[in-house]
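Comments concern the structure below.
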Amino acid sequence: MLLAALGRSSPEQRPRLKEIYANLLDRLQEAKTQGWLVEVTAIEASLAAAKQKLGAMRDVTERHTTVHLGMPDFPTATGRATPAADEQ
């Protein structure tokens, strides 16, 4: 299936996945109109997978990308911390 070719969910692939999702919606409508029940079921499964991947991509972009390891930064460790703007 086309969704498997996209691999893991990376935000760079979001525009392409949105195109695929829109195409699947069109194909679903056509399959329903034509009475292709087997195709309707398969397309609905693909739509569910695409929706799940889009959600995963959204979650990745909403997460913080910086991880604090609990290590002191250089200015604080050397005693060279600058006073905050409101303390000046």
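Between atom CD of residue Gln13 and atom NZ of residue Lys53 there is a gap of 7.5 Å, rounded to the nearest 0.5 Å. Rounding to the nearest 0.5 angstrom, the gap separating the CH2 atom in Trp36 from the CZ atom in Arg27 is 10.0 Å. The line from CG of Leu54 to CG of Leu17 is 4.0 Å long, rounded to the nearest 0.5 Å.
Taking 4.0 Å as the cut-off between side-chain N and carboxylate O, Glu19 and Arg16 count as a salt-bridged pair.
Remark: of the listed residues Ile43, Thr33, Asn23, Ile43 is the sole one forming a side chain to side chain contact (heavy atoms under 4.5 Å, CB included) with Leu28.
There is a path of hydrophobic side-chain contacts, each under 4.5 Å, that joins Met57 to Leu25.
In this structure, Glu39 and Glu30 have side chains that are not in contact, with every pair of non-hydrogen atoms separated by 4.5 Å or more.
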